[in-house]
Student: 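Structure in structure tokens, see below.
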2 protein chains.
Amino acid sequence: MTTIDATPLRGTERPGPRRQEVATRIKEYILRNRLKPGNPLPTEVELCEAVGASRSSVREAVKILSALDIVEVRHGHGTFVGRMSLNALVESLTFRGLLSGEEDHHVLGQVVDVRQTLEQGLAAEAIGLLDDAHRADLSALVDEMERLAAQGRDFLEVDRAFHLKLMEPLGNDLILQLTEAFWQVQAIVAPTLRTEPEDRVITAQRHRAIVDAVAAGDPARLRTAIAEHYAPIRASIARAVRS
Amino acid sequence: MTTIDATPLRGTERPGPRRQEVATRIKEYILRNRLKPGNPLPTEVELCEAVGASRSSVREAVKILSALDIVEVRHGHGTFVGRMSLNALVESLTFRGLLSGEEDHHVLGQVVDVRQTLEQGLAAEAIGLLDDAHRADLSALVDEMERLAAQGRDFLEVDRAFHLKLMEPLGNDLILQLTEAFWQVQAIVAPTLRTEPEDRVITAQRHRAIVDAVAAGDPARLRTAIAEHYAPIRASIARAVRS
DNA sequence: AGTAATTTGTGCGTATGTATG
DNA sequence: CCATACATACGCACAAATTAC
């Protein structure tokens, strides 16, 4: 019957903003009922009655939760439990990068540091978990990179797929989503420093070196290959800082 | 002044929800005027006039941005540029952990994986950047841990300070905030599996081993010390999964 | 196919609480 | 203590999107 809480709390207590109270109630409702992503939530009017708040307050609370991807709102359909992606991290970091960036790019440099550290540490672990299918997929992706680079075209999506594929065998959702998130931040913030076509050929070669190191099962070589993969981007950042 | 955009866009185009449009405008306004955290934004009514939207739409947009810490609202005072912290990441991950957790705790395990990988990779780099003051601070924090552990008390805050101190010399804000964020997620989600007093003594010893490895300037030893530091938590998670 | 019902989106007015001076 | 400016909350009416009949 979509009962959220029997407590009236109307006029007596004032712990904080109304919307925060409502947002907390909605989160508790999801936890208490063990709802999973995609499950429907009560309608806005039902939520109003349940928590004893106006529709404006409920809507603001829902918008906060939707920004965190805790709930997902579909116009004319209803409100549902969200998938709790890291879109909020991407939004926040991207904006920080754009604001602090333009000439500076120190935020971008920090993102590169984190990406490199995660890949160096985790890909080394992933080596032992890779099977032939994974290695073939990685190699095919680099083939595609080289093909596109030879045509002078960029290969953003292939690059994204490669780095996700590298982390896939770990079976860790959080790592995959962090990889995706940091990749997106870099893809959005970095275009300000343009990549030259010859850089792309080099980048494709660096990915090939990573695949080779993986195939050889050599962790140390893999670490240096990953470090060299990020070298061009670091150089671009340094160049931008100098100017 | 406070002119955000002259475009009316009223009635003709409908790309998406109104609040999304308004949120984008506000972000563009911050970027265009190169505002820094703490700087004031136009009042709600001024924003309404500037973008040609109602109070409701503006308020919902502001609430979304405040959830991402892109803006900060102070009741009765005004709206200001936020500090773009990673609170949104903490909120989202914490809720995911609480929802998926209780018995499972696989999200918590993923967080531990990421923390360990980052610390192993970055602390090894930080070794060369540490000065005597840092080493003394780290040692003093472990002293405090041992003191509290001997009294049977917990030392959450000291632990937090320790892991931040370890990353401090890198001079990378993002890494510090990620460290803080993941620590908070673990601190909020983990209490469901209770820590025994004897575990705390062991944990204090593991931190001592980390400091010793840092003092010795031995990266390999540091990696194993960090791995052993997380061993008790992993054991607790495994114990919870078994039951 | 189309109409009605349901649900979220938007706009507006007003009253209240809160911080600043 | 008062006055001003601002955010907060509430309620209603209507628009737009989706679903179901």
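Because the structure is a prediction, the values reported are computed rather than measured. Numbered from 1 within each chain, the chains take letters A, B, ... in sequence-line order.
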Student: Send over the distance from A:Leu47 CG to D:dG11 C1', rounded to a whole Å.
Tutor: 17 Å
Student: Kindly confirm or rule out a cation-pi arrangement of B:Arg74 over B:Phe80, judged by NZ or CZ under 6.0 Å from the six-membered ring centre and within 45° of its axis?
Tutor: yes
Student: Is there a donor-acceptor pair closer than 3.5 Å between any side-chain N or O of B:Glu46 and the backbone N or O of B:Thr43?
Tutor: yes
Student: Looking at A:Thr79, I'd like to know whether one of its side-chain N or O atoms comes within less than 4.0 Å of OP1 or OP2 on C:dT8.
Tutor: yes
Student: With the threshold set at under 4.0 Å for non-hydrogen atoms, list the residues of residues 67-75 of chain B touching DNA chain C in residue-number order.
Tutor: B:His75
Student: Examine the base of C:dC12 for any acceptor or donor lying under 3.5 Å from a partner atom in the side chain of B:Ser56, and report the outcome as yes or no.
Tutor: yes
Student: Working to the nearest 0.5 Å, report the span between CG of B:Leu86 and CG of B:Leu68.
Tutor: 11.0 Å
Student: Take A:Ile30 and B:Phe95 through the test side chain to side chain contact (heavy atoms under 4.5 Å, CB included) and record every step on the way to the result.
Tutor: CA-CA 10 Å; A:Ile30 295 174; B:Phe95 190 78; 3.8 Å; yes
Student: What is the distance, to the nearest angstrom, from the CD atom on A:Glu60 to the C1' atom on D:dC10?
Tutor: 11 Å
Student: Identify whether any heavy atom of A:Arg19 sits under 4.0 Å from a base atom; if not, whether one sits that close to sugar-phosphate; answer base, sugar-phosphate or nothing.
Tutor: sugar-phosphate
Student: Between D:dT18, D:dT8, C:dG9, which one does the side chain of A:His77 approach most closely?
Tutor: D:dT18
Student: Give a yes-or-no answer on whether the side chains of A:Arg160 and A:Gln184 include a donor-acceptor pair shorter than 3.5 Å.
Tutor: no
Student: Donor-acceptor check, side chain of B:Asn172 to backbone of B:Leu174, threshold 3.5 angstrom: yes or no?
Tutor: yes
Student: Calculate the interatomic distance between B:Glu46 atom CD and D:dA7 atom C1'; express it in whole Å.
Tutor: 13 Å
Student: Test for a donor-acceptor pair under 3.5 Å between the base of C:dG13 and the side chain of B:Arg55, counting only N and O atoms.
Tutor: no
Student: Taking only side-chain nitrogens and oxygens of A:Lys63, does any of them come within less than 4.0 Å of OP1 or OP2 of C:dT8?
Tutor: no
